[in-house]
Amino acid sequence: MSSKMQSSNNIAHARRTVQQLRIEASIERIKVSKASADLMHYCGEHAKYDPLLMGIPASENPFKDKKPCTIL
Amino acid sequence: MGEMDTLKKEADGLKAQIEAGRKAVNDTTMATLASGVAAAPRVQLKNRKTLKGHLAKIYGLHWSADNRHMVSASQDGKLLIWDTYTGNKVYAVPLKSSWVMSCSMAPSGNLVASGGLDNMCTIANIKGASPKTLRELDAHEGYLSHSRFLNDSEILTASGDTTCCLWDLETGKQKVIYKSHVGDCMCLAVSPDQNTFISGACDSSAKLWDIRDGGCKQTFIGHTSDINAIAFYPSGTAVITGSDDCTLKMYDLRADQEVNGYQDAALNAGVTSVSLSSSGRLIFAGYDNFNCNIWDSLKAEKVGVLSGHDNRVSCIGVPDDGLGVCTGSWDSFLKIWN
């Protein structure tokens with residue numbers, strides 16, 4: 001590749017980088033306190049439906065091996 | 001000043017602006033706020049099933065949307081589709097190339113995808129009399145590290161060529177190419193509403209993309225090495241990343257920054273894989289040191305560990321109903337825990 005082509009590639013890349021940074025610089029951000037509070041609220045609301053948090057009764061556990069019962 | 005110098009100056013200025021904008025909203029830490037939250041219960045999950053059948057390292061797994069079936073990929077050159085309730089293998093899909101790095105199943109359960117060092121994503125239909133190759137998606141210039149179906153006619157791929165791509169399965173052609181990473185793309189995750197997806201790469205950054213227009217909306221930095229694993233928080237408003245720098249991070253999309261970090265001075269193994277419980281409270285992270293650590297996502301404390309594999313945990317997944325977690329390992333076994 002000629003050095004002229006290479007430098008025009010570098011410039012094209014740099015232009016794209018600046019364009020991308022302009023997009024990212026312009027977004028609206030909310031406060032970390034609000035973001036965290038919302039995430040904590042979501043967790044709290046959904047915790048009671050989370051089987052891995054609440055535990056799964058043996059009768060409802062599809063992965064638990066059903067052991068045969070012997071009647072003595 | 002030449003144009004390159006002007007552009008560099010503008011780029012530096014914009015980076016400073018972004019950093020200042022993030023700092024301006026950084027009024028507290030989640031750790032501080034979560035100190036008042038009750039601790040998650042000490043999580044003791046038991047190994048309920050061990051799925052045996054692969055003959056070499058397992059590199060990927062993906063649960064079916066039916067919460068019962070699962071596809072796994074191994075460098076023994078096979079995809080296996082399992083009925084996890086019985087532990088039985090339902091289908092075996094032979095791969096043309098055994099250098100597979102990932103696999104996925106379509107929400108319909110009709111199709112599976114695989115790919116790796118062959119640079120291709122191969123789509124197979126598993127609902128016929130025997131599995132049949134439907135498409136070979138061949139345009140990436142680097143290895144295929146990850147894939148996820150949106151539906152039976154669209155799939156997203158991540159590649160070592162630093163791009164991600166949306167493919168049309170009817171035509172086998174690329175629909176949208178996502179270009180912005182400057183390192184190999186290692187992982188991707190689709191948002192719950194399917195409008196955006198997030199990618200992690202060897203440039204230590206995670207990027208949020210608009211699926212339809214191909215634009216990169218946000219870039220998340222902070223990791224100091226390759227990001228190997230990424231997952232959306234179930235709310236869709238945050239993402240969790242796992243990295244070779246031995247840490248996980250939670251980035252909030254609306255605050256546009258890291259809001260929590262998960263690390264332990266004693267841990268010096270890279271994170272290979274990540275998945276969350278259905279409420280988002282628990283993070284399951286697979287590490288190079290053969291274990292899977294369970295983190296409280298809010299308090300950033302370790303609350304459990306899944307040990308039982310004899311080699312690296314390379315992949316993890318929780319089904320949509322949240323009833324268990326599956327780990328896949330280089331020891332050739334998959335284990336289901338709850």
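So you know, we letter chains A, B, ... as the sequences are listed, proteins then strands, and number each from 1.
With a 4.5 Å cut-off on non-hydrogen atoms, A:L21 touches chain B through its backbone and its side chain both. For A:I56, the part lying near chain B is the side chain, with the backbone staying farther off; criterion is any non-hydrogen pair under 4.5 Å.
Contact between A:D50 and B:S277 at its shortest, heavy atoms only, is OD2-OG, 2.6 Å. Across every non-hydrogen atom of A:A14 and B:L7, the tightest pair is CB-CD1, 3.7 Å. Nearest heavy-atom pair, B:S297 versus A:C43, reported as atom, atom and distance to 0.1 Å: OG-SG, 4.3 Å. Contact between A:A25 and B:I18 at its shortest, heavy atoms only, is CA-CG1, 3.6 Å. A pairwise comparison of heavy atoms in A:E24 and B:K207 identifies OE2-NZ, 4.2 Å as the closest pair. Heavy atoms only, all atoms of each residue included: B:N67 and A:F63 are closest at O-CZ, 4.5 Å.
Between the side chains of B:S180 and A:Q20, no donor N or O sits under 3.5 Å from an acceptor N or O.
Chain A forms the most heavy-atom pairs under 4.5 Å with one residue out of B:V37, B:T28, B:T219, B:V259, and that residue is B:T219. Across A:E60, A:K31, A:R29, A:H46, the residue that shares the most heavy-atom pairs under 4.5 angstrom with chain B is A:R29. Note on B:N26, B:I294, B:D27: by heavy-atom pairs under 4.5 Å with chain A, the leading option is B:D27.
Separating the CG atom in B:N338 from the NZ atom in A:K64 is a distance of 9.0 Å, to the nearest 0.5 Å. The distance from atom CD of B:E3 to atom CG of A:N10, rounded to the nearest 0.5 Å, is 11.5 Å. B:N260 contributes atom CG, which lies 7.5 Å from atom OG of A:S36 (distance to the nearest 0.5 angstrom). Taking CG from B:D252 and CG from A:L39, the interatomic distance works out to 5.0 Å, rounded to the nearest 0.5 Å. The line from CG of B:D256 to CD1 of A:I27 is 3.5 Å long, rounded to the nearest 0.5 Å. If you take CG on A:D38 and OH on B:Y233, they are separated by 11.0 Å, rounding to the nearest 0.5 Å.
Of the charged side-chain nitrogens involved, none lies within less than 4.0 Å of a carboxylate oxygen, so that B:R254 and A:E28 do not count as a salt-bridged pair. The pair B:E10-A:R22 meets the salt-bridge criterion, with a side-chain N (NZ, NE, NH1 or NH2) lying under 4.0 Å from an Asp/Glu carboxylate O.
A:P62 has its side chain within reach of B:L323: a pair of non-hydrogen atoms, C-beta onward, lies under 4.5 Å apart. Counting heavy atoms from C-beta on, the side chains of B:S278 and A:L52 never come closer than 4.5 Å. Side-chain contact between A:V32 and B:M30 is absent, with no heavy-atom pair separated by less than 4.5 Å.
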